[in-house]
Amino acid sequence: MSECGGRGGGSSSSSDDAEDEGGGGGGPAGSGSPGPAPAEASSAGRLRRGLRSASLMARQRPELLCGAVALGCALLLALKFTCSRAKDVIIPAKPPVSFFSSRSLVLDLFQGQLDYAEHVRRDSEVVLLFFYAPWCGQSIAARAEIEHAANRLSDQVLFVAVNCWWNQGKCRKQKHFFYFPVIHLYHRSFGPIEYKGPMSAVYIEKFVRRVMKPLLYIPSQSELLDFLSNYEPGVLGYFEFSSSPQPPGYLTFFTSALHSLKKDYLGTVRFGVITNKHLAKLVSLVHSGSVYLHRHFNTSLVFPREVLNYTAENIYKWASENRETLFRWLRPHGGKSLLLHNELKKGPALFLFLPFDPLAESHPLIDEITEVALEYNNCHGDQVVERLLQHLRRLDTPMFQSLAPQPPAPLLDTPPMAASPCCNSVVLPQGHSYSRTHNVCELCVNQTAGGLRPSSASMPQCSFFEMAAALDSFYLKEQTFYHAASDSMECSNFLTSYSPFSYYTACCRTINRGVVSFIDSEQGVFETPTLAFSSLEKKCEVAAPSSLPHIEENRYLFPEVGVASTTFTGLSCRTNKTLNIYLLDSNLFWLYAERLGAPSSTHVKEFATIVDVKEESHYILDPKQTLMKFTLESFIQNFSVLYSPLKRHLIGSDPAQFPSQHLITEVTTDTFWEVVLRRQDVLLLYYAPWCGFCPSLNHVFIQLARLLPVDALTVARIDVSQNDLPWEFMVDRLPTILFFPCNRKDLSVKYPEDLPITLPNLLRFILHHSDPASAPQQSRVSTQDCLESEAVLQQGHISHLEREIQKLRAEISSLHRAQVQVEGQLSNARRDERRLLRQQQTLEKQHSVLQRHSEQLQALYAQKARELQELADASQTLLTENAWLKILVATMEKKLEGQDRAEDPAPRTEVRPEHPEPTGAPQLPGSAPSPSSGSSSLAPERKGENRTD
């Protein structure tokens, strides 16, 4: 074996070539070479023969091998070329162009030269970097605002614009912005300070000026009061510049102001510097380098240098954690955000929309709002807050001695609430019996029949529950008044609708028309729709809800009747409905105000609303009233009381989008009173688009509207998902049907929930509840005209229904005929069904037979497979035994040869010729081959066979 391996050189092809050439060992006998292989060849032998034939072909015709190699190379080149052509072809980007005009004061690096921007930034004190993308719409819109700001600040600030979208520019490679545009400001080496406010020139300029001068110098007491009375939290630092041009800690305090702008772009914390020792003592600052945080209602703080390290970040962190805010500015960015949601979760919120100019030196309206917020939260009557309020009111402020808390001054003695009558002013609507001679009445509760007139003294707030009951009795009930004539005022007493032993007093008089015109120059604030009390019995109408005047309007109508200012001070601590106050710039966010109920077209964009998410309601201040301190206080007072007189603002769809001429009237929030409560009998369906069962009732209501005359019954529906209604008209499930009968709207009836909604059931329901005889007699006394008209209408209904019944009978007969035809078709269908059933049973039987046959074939297949496996195993065993027999035969042959040699030890002498014949020389025909040559030719074959086995 080792010899064959060495000869073969480790290659089967070389040994095969030697065998083919006849050089397989023509040595003498006894050389140890095995004999020739048997006739049958294994798979390895066939593989060797194939390789031998390929090698012979390569030696005989080498040009074929070269051609095959060349063809393979050509195929590889073609494949590589095809793959390279399959890649996406990218058109190179066009070179960028200048984003700003050549005359602009903004340095435009439109090729993204960020390194040059850093170079020029180091040489300037304040730099604004505007990173933009040329395709970005926000960047294009902000371009004009940046140019406008640059025109105003170019002499103090360097404006640089960098194209951060050019793929070959350094800005694109080094900066990875998620949005555009991005504004960064640098104050010398400090930065970047990112600006995230509105992309408006005035806001950008205001922020740049804050970065330029982060500290406000306070030289006098008046400016100190201005600083402390501001709604934003204030931080004051005291530094003595007399001993040193740069006192210790000043740069740290300066950097903390920049840190505040970097962390909060709104700049809600203001930083000021005091250099006067006497002025510093007023805020409890004695040592140079001290920092003072002013708080309105809690104790003001001094930075604890012995506890915290005096660093810029620690100063800002200490101020932001301990600051106190009166109200917040909200600036939604216009995208999806949880800003409003997170604020509304904190409780009821008062949103004030007002036009705001960031560059204005004074804001009178914001000062009034600040005064309201200070009074609203001044629960303990703090003297410091009172002094700040006096300063805001521009009154004669006493000498500012110290901001340390002082003992409270004794409050004025106020009379108890029970000692004075509880009154409210009411403007009489047009059509009232008193409106011919008087236009204003003062309604007082808990009065006797003596007709006590209200005093002109200051009257305290009264219970709104009692006042609401008095207003109900005054407006909605037709009572008999007892007149007590007077030269200047006419008073009348009437019974309450809740108790026969209680009286209310209404003292009416005529006020100057100029006051009413002052309240509203066009229509009047308290103008209400016409009320015709005497005609309620004859017409199917009720009054639309009117905005009844509240207590705050007494000051307009009766200036001598005022409300003590102490009732509003500290109101946030006396109610469970404490308000959080938020301000929004109406120039930017008026769309939010419109969604909350503000008018879309107004010349003054001022609006106030209270949103209470927990109660699912919000209230708006009358847009006709001017937004000022007085109206805000009254608005907050009316919301804070237990029985609030404010009316929930209702949001509804636009009535113009629904056609007027339609079988079913579409009701909205604005048309509810006109359609449902001021017409004849009304059947109202409450539905919503997401209600799956509601659309199935449309055909029923359409048929009902066709059956009944339009002048007798109105079929209407309302989408409650888009239209708000007062709570008393809301429902708790959909669909819901309510019937509002004529002249008895307060006796509306709900359609039974367990009764199917069909046309006959609806007709019976309407006819039953529209009959005046079924209503309670104590509700009203019908007149003879109304009864006769009702009888005529009922007779018309009956005749109309008889005609419709005849039509229905004709339809029923046609339906009977159709039913007979359908029954015939059903019988045919049943016969076909039975026939198909029989065919199905037959096919199932055939299927079961075929399934059994398939199972038998599978079993037979498995049996044959097992037999074949057994035969294969037996064949393998025979092959193994055959190999062992061959080995035994070879062993026996060797033993026999050894015995023969032992029996004949005498050597045989052979006559060798001088020139022996070559081993491979041909022999004469008929001559037998020599034993030596036969054994030598047999040796390599046996060796190969043994190696294969």
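When reading the values below, keep in mind they use all heavy atoms of this one structure, side chains included, and skip hydrogens, waters and symmetry mates.
In this structure, the side chain of Asn377 engages the main chain of Ala373 through a donor-acceptor pair within 3.5 Å. Side-chain atoms of Ser290 do not come within 3.5 Å of backbone N or O of Tyr238 as any donor-acceptor pair. Side chain of Arg295 to main chain of Asn322: a donor-acceptor pair is present (N/O by atom type, distance under 3.5 Å, no hydrogens or angles). Of the possible polar contacts, one joining the Ser288 side chain to the Glu240 backbone as a donor-acceptor pair under 3.5 Å is found. Between the side chain of Tyr195 and the backbone N or O of Pro198 there is at least one donor-acceptor pair closer than 3.5 Å. A donor-acceptor contact shorter than 3.5 Å links the side chain of Arg172 to the backbone of Trp165. Between the side chain of His618 and the backbone N or O of Leu596 there is at least one donor-acceptor pair closer than 3.5 Å. Proximity of a side-chain donor or acceptor of Ser337 to a complementary backbone N or O of Leu339 within less than 3.5 Å is detected. For Ser229 (side chain) and Leu392 (main-chain N/O), no donor-acceptor pair under 3.5 Å exists by modelled atom type.
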Verdict with reasoning, Tyr203 to Asp585, per side-chain hydrogen bond (donor to acceptor under 3.5 Å, both in side chains) = CA-CA 11 Å; Tyr203 280 94; Asp585 188 357; 2.5 Å; yes

CA sep, side-chain torsions, deciding dist, call: Tyr582, Leu350, side-chain contact (heavy atoms from CB on, under 4.5 Å) = CA-CA 6 Å; Tyr582 301 98; Leu350 172 61; over 6 Å; no

request  = Start with the C-alpha distance between Leu236 and Phe227, add both sets of side-chain angles, then the distance that settles side-chain contact (heavy atoms from CB on, under 4.5 Å), and finish with yes or no.
outcome  = CA-CA 9 Å; Leu236 289 172; Phe227 184 85; 3.4 Å; yes

query = Can you check side-chain contact (heavy atoms from CB on, under 4.5 Å) on Ile620 and Asp622, steps first, answer last?
reply = CA-CA 6 Å; Ile620 65 172; Asp622 191 353; over 6 Å; no

Test log, rule ring-ring contact (aromatic ring centres under 6.0 Å, His included), inputs His259 and Phe190 = CA-CA 9 Å; His259 264 288; Phe190 186 87; 5.2 Å; yes

key: Residues Tyr217, Thr275; criterion side-chain hydrogen bond (donor to acceptor under 3.5 Å, both in side chains); working and verdict   = CA-CA 8 Å; Tyr217 176 60; Thr275 59; 3.3 Å; yes

ask   = After noting the C-alpha distance and the side-chain angles of Arg210 and Leu261, does the key distance pass the side-chain contact (heavy atoms from CB on, under 4.5 Å) rule?
value = CA-CA 8 Å; Arg210 289 286 294 269; Leu261 294 174; 4.1 Å; yes

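Residues Ser124 and Arg188 form no side-chain contact, since every pair of their non-hydrogen atoms from C-beta on lies 4.5 Å or further apart. Proximity of Pro304 to Trp318: side-chain heavy atoms (C-beta onward) are separated by under 4.5 Å at one or more points. Residues His296 and Glu324 meet the side-chain proximity criterion, which asks for heavy atoms closer than 4.5 Å. Two residues are said to be in side-chain contact when any heavy atoms from C-beta on lie closer than 4.5 Å; Leu224 and Ile274 meet this criterion. Side-chain contact between Gln246 and Leu251 is present, with at least one heavy-atom pair separated by less than 4.5 Å. Between Tyr231 and Leu374 the shortest side-chain heavy-atom distance does not fall below 4.5 Å. Contact annotation: the side chain of Ser104 approaches that of Glu147 to within less than 4.5 Å [non-hydrogen atoms, C-beta and beyond]. Residues Tyr310 and Thr252 have side chains in contact (heavy-atom distance under 4.5 Å, counting atoms from C-beta outward).
From Leu279, atom CG reaches atom OG of Ser220 across 7.5 Å, with rounding to the nearest 0.5 Å. Of the inter-residue distances, the one linking Lys173 atom NZ with Gln168 atom CD reads 7.0 Å to the nearest 0.5 angstrom. Gln138 contributes atom CD, which lies 11.5 Å from atom CZ of Phe180 (distance to the nearest 0.5 angstrom). Put simply, OH on Tyr186 and CG on Leu128 are 10.5 Å apart, with the number rounded to the nearest 0.5 Å. Here Lys94 contributes atom NZ and Trp166 contributes atom CH2; the two are 11.5 Å apart, rounded to the nearest 0.5 Å. Atom CG of residue Leu185 and atom CE of residue Met212 lie 10.5 Å apart, to the nearest 0.5 angstrom.
For Glu616, the CD atom sits in a loose shell: 12 or fewer heavy atoms of surrounding residues, nucleotides or ligands are nearer than 6.0 Å. For Asn309, the CG atom counts as loosely surrounded, since its 6.0 Å shell holds 12 or fewer non-hydrogen atoms of other residues, nucleotides or ligands. The environment of NZ in Lys614 is sparse: at most 12 heavy-atom neighbours from other residues, nucleotides or ligands sit within 6.0 Å. The number of heavy atoms from other shown groups lying within 6.0 Å of CZ (Arg152) does not exceed 12.
A salt bridge between Arg209 and Glu205 is present, with a side-chain N of the basic residue lying under 4.0 Å from a carboxylate O of the acidic one.
Residues Met199 and Glu145 approach most closely at O-CG, 3.3 Å, considering heavy atoms. The minimum heavy-atom distance between Cys164 and Lys175, with the atom names listed, is SG-CB, 3.8 Å. Of all heavy-atom pairs spanning Tyr316 and Ser256, the tightest one is CB-O, 4.2 Å. The heavy-atom pair separating Val302 from Tyr292 by the smallest distance is CG2-CD1, 4.4 Å. Counting all heavy atoms, side chain and backbone alike, Arg648 lies closest to Ser617 at CD-CB, 3.1 Å. Nearest approach of Gly289 to Phe239, heavy atoms of both residues: CA-CE2, 3.6 Å.
Annotation: Phe131 is in aromatic contact with Phe177 [ring centroid separation under 6.0 Å]. Residues Phe253 and Phe271 place their aromatic rings such that the two centres sit under 6.0 Å apart.
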Kindly list each side-chain donor-acceptor pair under 3.5 angstrom involving residues 105-119, sequence neighbours excluded, with atom names and distances?
from, atom 1, to, atom 2, distance (Å)
Asp108, OD1, Tyr132, OH, 2.8
Asp108, OD2, Ser98, OG, 3.1
Asp108, OD2, Phe99, N, 2.5
Asp108, OD2, Phe100, N, 2.9
Gln113, OE1, Gln111, N, 3.3
Asp115, OD2, Lys170, NZ, 3.3
Glu118, OE1, Arg121, NE, 3.1
Glu118, OE1, Arg121, NH2, 3.0

Residues 351-368 side chain polar contacts: donor-acceptor under 3.5 Å, at least two apart:
from, atom 1, to, atom 2, distance (Å)
Asp357, OD1, Leu359, N, 3.3
His363, NE2, Asp357, O, 2.8
Glu368, OE1, Lys629, N, 2.9

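There is a side-chain donor-acceptor pair under 3.5 Å between Thr668 and Thr671. The closest side-chain donor-acceptor pair between Asp226 and His391 falls under 3.5 angstrom.
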